[in-house]
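Since the structure comes first, as structure tokens, the remarks are kept for the end.
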Amino acid sequence: MVKLRLKRCGRKQRAVYRIVAIDVRSRREGRDIQKVGFYDPIKNQTYLNVPAILDFIKKGAQPTETVYDILKRAEVFQEFRFKQTKFN
């Protein structure tokens, strides 16, 4: 199973996170399938590759709670619903 979760980068006390698609059995700094975003909690900056995120969600990837909150704040799920209603 694939999850969208945070991967810690940066140095001590200055953590930044990559949002990655990764196998559930891999550890936090393990090998990821694809990098789909970036989150800096100190500067409160977020970069998301929305098409890649939506593609992984359509294929069944589950975001963790933290990643879900980040995506919800960025209104990614509204675009997902809009695209689904547009095709149906």
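Keep in mind that the numbers below use all heavy atoms, side chains included, and drop hydrogens, waters and symmetry copies. Bear in mind that the values here come from a model prediction, so they are computed numbers and not experimental data.
A 4.5 Å side-chain heavy-atom check between Gln62 and Leu4 finds every atom pair outside the cut-off. For the pair Arg5/Ile22, a side-chain contact is recorded, criterion being any heavy-atom separation below 4.5 Å from C-beta on. Inter-residue side-chain proximity for Phe38 and Thr46 is flagged as unmet; no heavy-atom pair is nearer than 4.5 Å. Between Leu48 and Ile53, some side-chain heavy-atom pair lies under the 4.5 Å cut-off.
Scanning all heavy atoms of the two residues, the minimum distance from Pro41 to Ala15 falls at CD-O, 3.7 Å. Nearest approach of Asp32 to Lys7, heavy atoms of both residues: OD2-NZ, 2.9 Å.
Rounding to the nearest 0.5 angstrom, the gap separating the SG atom in Cys9 from the CZ atom in Arg14 is 14.0 Å. Here the CD1-CD distance, from Ile19 to Gln34, works out to 12.5 Å after rounding to the nearest 0.5 Å.
When hydrophobic clusters are built by joining Ile, Leu, Val, Met, Phe, Trp and Tyr residues whose side-chain heavy atoms come closer than 4.5 Å, directly or via intermediates, Val20 is not grouped with Tyr17. Val50 and Leu6 fall within the same hydrophobic cluster, where Ile, Leu, Val, Met, Phe, Trp and Tyr residues are linked whenever their side-chain heavy atoms come under 4.5 Å apart, directly or through other members. Under the 4.5 Å side-chain heavy-atom criterion for Ile, Leu, Val, Met, Phe, Trp and Tyr, Leu71 and Tyr47 are members of distinct hydrophobic clusters.
Salt bridge status for Arg73 with Asp69: absent, with no side-chain N to carboxylate O gap under 4.0 Å.
Atom CZ of Arg31 has 12 or fewer neighbouring heavy atoms from other residues, nucleotides or ligands inside a 6.0 Å radius.
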